[in-house]
Each structure stands twice: as structure tokens, then as C-alpha cells.
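In this chain, numbering begins with 1 at the start of the sequence shown. These numbers were taken from a predicted model, which means no experiment stands behind them.
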Amino acid sequence: MSPGPSKRFDRDDVLERAMNLFWEKGYDAAGVSQILERTGIGRQSLYDTFGDKHSLFVESLGHYFRTRIGPMLAQLRGPGSPREILLQAFRMAEKMIGRPDFHGCMIGNAMAELPERDPEVKALIRGYIDAMEDAFADLLERGKATGEFPGDIDPRDLARVFVHTIQGLNLLQRVLRDPAAVRSVLDSTLRLLRVA
């Protein structure tokens, strides 16, 4: 008996394609047939490689965090002026949220759809949110130490404001599509630091 066809596909490419489908449609609306069509792999390969739809979604969410959020966190933690890094991060967020093909933040979308019925996804999202908050808090602490940010700020509190604001904009802009509102909200948030 001859062996079945070998599975020849790039795992990261499949994750990227699956991630984009889940990002656009959400977990529930992305059917297995759509996943197979979008990724270009067969049903058996899907189950052999990723387990099931839920496992693929969890991996796709991790892929999103590594490839889309990870670079921003690396930027926040990188060398340079904390003030300039923060301004650049907010401008980057504004540019991303203002794109015409914007689908929100995949983490925010999953937060709105799944946590009450999916403890695994809820725990993952909590970890991702904590990582974002930590990166902002560390940057704010550095800026406070260098004198670029006011000495009376609470870095942790402001980090939470930044993460909540950006996540809120990600959700709202899926409906509003108002670049001026995004700029206004981000500028108002920066004014909390008196740096805008």
C-alpha cells in the first residue's frame, strides 16, 4: 500500500491566511470550508497539523500577537527617546486604524466575541493585554526617569488608559470609519502626558 500524499505547505503561511480569515470574519462566521479554501490545505491536513478549528484559531491569535502586536511592543521597549517612541507608536496606531480595509484588532474582536464561553481564549487575551500594558508602563517609567514625562504621572494607570483607548478605537472604528475622530481621541490621550 502506498503512503498518502505528503503534506507540503508552509505552516506560517497557513497561519497567516487563517489569521486573516478569522480577523475579517470572526471565529463563529469562519467555517471550516472557508478555512480550507483560504489556506489551500486539505481537511485531513488541517486536522493532522492543527487539530481542529478552535486550535487553529488559538494558533492564529498567537500568530497575530507575534506578527502584528510584537513589533509595536519591541518598538516601545527599544532604545531612544521615550517621548518620541510614544508619539511614533500613537501615529502608527492612527495609521493602522485609519486604513480603509481595517478589520479592528483581532485580539479586540476575539475579546468581543468569545471570552464568556471560551476560558482558554479569555486567558490568552488577558496575557496579551497584560503584555501591552507592561510595555507602555515600562516606557512611561523610563520617560518619567529621564524627565520627558511629568514626574507626577502613574505609569501603570496611564498604560491602562492607553491600552483601553486603543482597543476601544479598534472596535469603534469598524463602524464609525472616522479618521478625524481617531486623531482627536489619540491627541487628547497624549495630552494626559502634556507632550502632544
Side-chain angles (χ1 to χ4, degrees), residues 7 9-78 89-90 92-139 159-175 177 182:
K7 292 187 277 265
F9 55 81
D10 183 286
R11 185 186 181 93
D12 284 339
D13 180 60
V14 170
L15 278 175
E16 179 77 14
R17 291 167 183 264
M19 177 201 75
N20 282 316
L21 178 65
F22 286 127
W23 191 0
E24 293 166 22
K25 303 259 183 203
Y27 177 76
D28 288 334
V32 172
S33 61
Q34 287 178 303
I35 293 169
L36 299 178
E37 183 180 339
R38 181 69 69 95
T39 61
I41 64 173
R43 187 176 296 270
Q44 196 59 50
S45 292
L46 171 69
Y47 292 122
D48 287 349
T49 307
F50 298 100
D52 57 15
K53 174 183 167 180
H54 184 268
S55 298
L56 177 60
F57 178 78
V58 167
E59 280 202 55
S60 297
L61 200 57
H63 182 76
Y64 175 87
F65 185 77
R66 287 189 306 277
T67 62
R68 301 314 194 269
I69 306 298
M72 183 193 76
L73 300 188
Q75 179 189 16
L76 291 175
R77 294 186 184 282
F90 269 55
M92 186 188 306
E94 178 185 353
K95 184 176 179 183
M96 183 185 71
I97 295 169
R99 288 177 49 151
D101 61 344
F102 181 64
H103 300 295
C105 169
M106 187 176 175
I107 292 168
N109 296 348
M111 207 181 330
E113 184 180 13
L114 292 171
E116 295 312 312
R117 59 189 164 97
D118 194 326
E120 181 182 5
V121 169
K122 183 176 186 175
L124 282 172
I125 291 171
R126 180 58 197 253
Y128 298 150
I129 295 295
D130 287 348
M132 289 186 264
E133 187 181 297
D134 288 346
F136 274 116
D138 291 349
L139 179 70
R160 288 188 183 119
V161 169
F162 291 169
V163 171
H164 291 207
T165 299
I166 291 170
Q167 283 300 321
L169 282 171
N170 277 315
L171 283 173
L172 286 168
Q173 288 306 308
R174 292 183 66 190
V175 175
R177 304 285 184 186
V182 174

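For the pair Asp12/Glu16, no side-chain contact is recorded, criterion being any heavy-atom separation below 4.5 Å from C-beta on. Within the 4.5 Å cutoff, the side chain of Ile166 has heavy atoms near those of the Phe136 side chain. Leu15 places a side-chain heavy atom less than 4.5 Å from the side chain of Leu56. The closest side-chain heavy-atom distance from Glu113 to Asp118 is not below 4.5 Å. For the pair His164 and Val161, the minimum side-chain heavy-atom distance is 4.5 Å or more. The closest side-chain heavy-atom distance from Phe65 to Leu124 is not below 4.5 Å. Looking at Met111 and Leu171, their side chains never come closer than 4.5 Å, going by heavy atoms from C-beta outward. You'll find the side chain of Arg177 reaches within 4.5 Å of the side chain of Phe102, heavy atoms only.
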Pair Met96, Met72 - check side-chain contact (heavy atoms from CB on, under 4.5 Å), show working. CA-CA 12 Å; Met96 183 185 71; Met72 183 193 76; over 6 Å; no
Check step by step if side-chain contact (heavy atoms from CB on, under 4.5 Å) holds for Val32 and Tyr47. CA-CA 11 Å; Val32 172; Tyr47 292 122; 4.0 Å; yes
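Considering CE of Met19 and CE of Met106, their distance stands at 7.0 Å, rounded to 0.5 Å. From His63, atom NE2 reaches atom CG of Asn20 across 8.0 Å, with rounding to the nearest 0.5 Å. Annotation: the span from Thr39 atom OG1 to Phe9 atom CZ amounts to 8.0 Å, rounded to 0.5 Å. A distance of 14.5 Å separates CZ in Phe162 from CE in Met132, rounded to the nearest 0.5 Å. Here the CD1 atom belonging to Ile35 is positioned 10.0 Å from the CZ atom belonging to Phe57, to the nearest 0.5 angstrom. Rounding to the nearest 0.5 angstrom, the gap separating the SG atom in Cys105 from the CD atom in Gln173 is 14.0 Å.
Using cut-offs of 30° and 60° on the angle between ring planes, the pair Phe22 and Tyr27 is parallel.
His103 is linked by a side-chain contact (heavy atoms from CB on, under 4.5 Å) to Trp23, Glu24, counting only residues two or more places apart in sequence or in another chain. When the salt bridge (Lys or Arg N to Asp or Glu O under 4.0 Å) test is applied to Asp52, no partner is found at least two apart in sequence or on another chain. In terms of the salt bridge (Lys or Arg N to Asp or Glu O under 4.0 Å) criterion, Arg66 has no residue partners (sequence neighbours excluded).
Of the possible polar contacts, none joining the Lys25 side chain to the Gly31 backbone as a donor-acceptor pair under 3.5 Å is found.
When all heavy atoms are compared, the tightest approach of Ala135 to Leu73 is CB-CD2, 3.8 Å. Taking both residues in full, the closest heavy atoms of Pro115 and Ala110 are given as CD-O, 3.1 Å, listed atom of the first, atom of the second, then distance.
Looking at Leu61, Val121, Asn170 one by one, the single match for side chain to side chain contact (heavy atoms under 4.5 Å, CB included) with Ile107 turns out to be Leu61.
The environment of Arg117 atom CZ is dense: over 12 non-hydrogen atoms of other residues, nucleotides or ligands sit within 6.0 angstrom.
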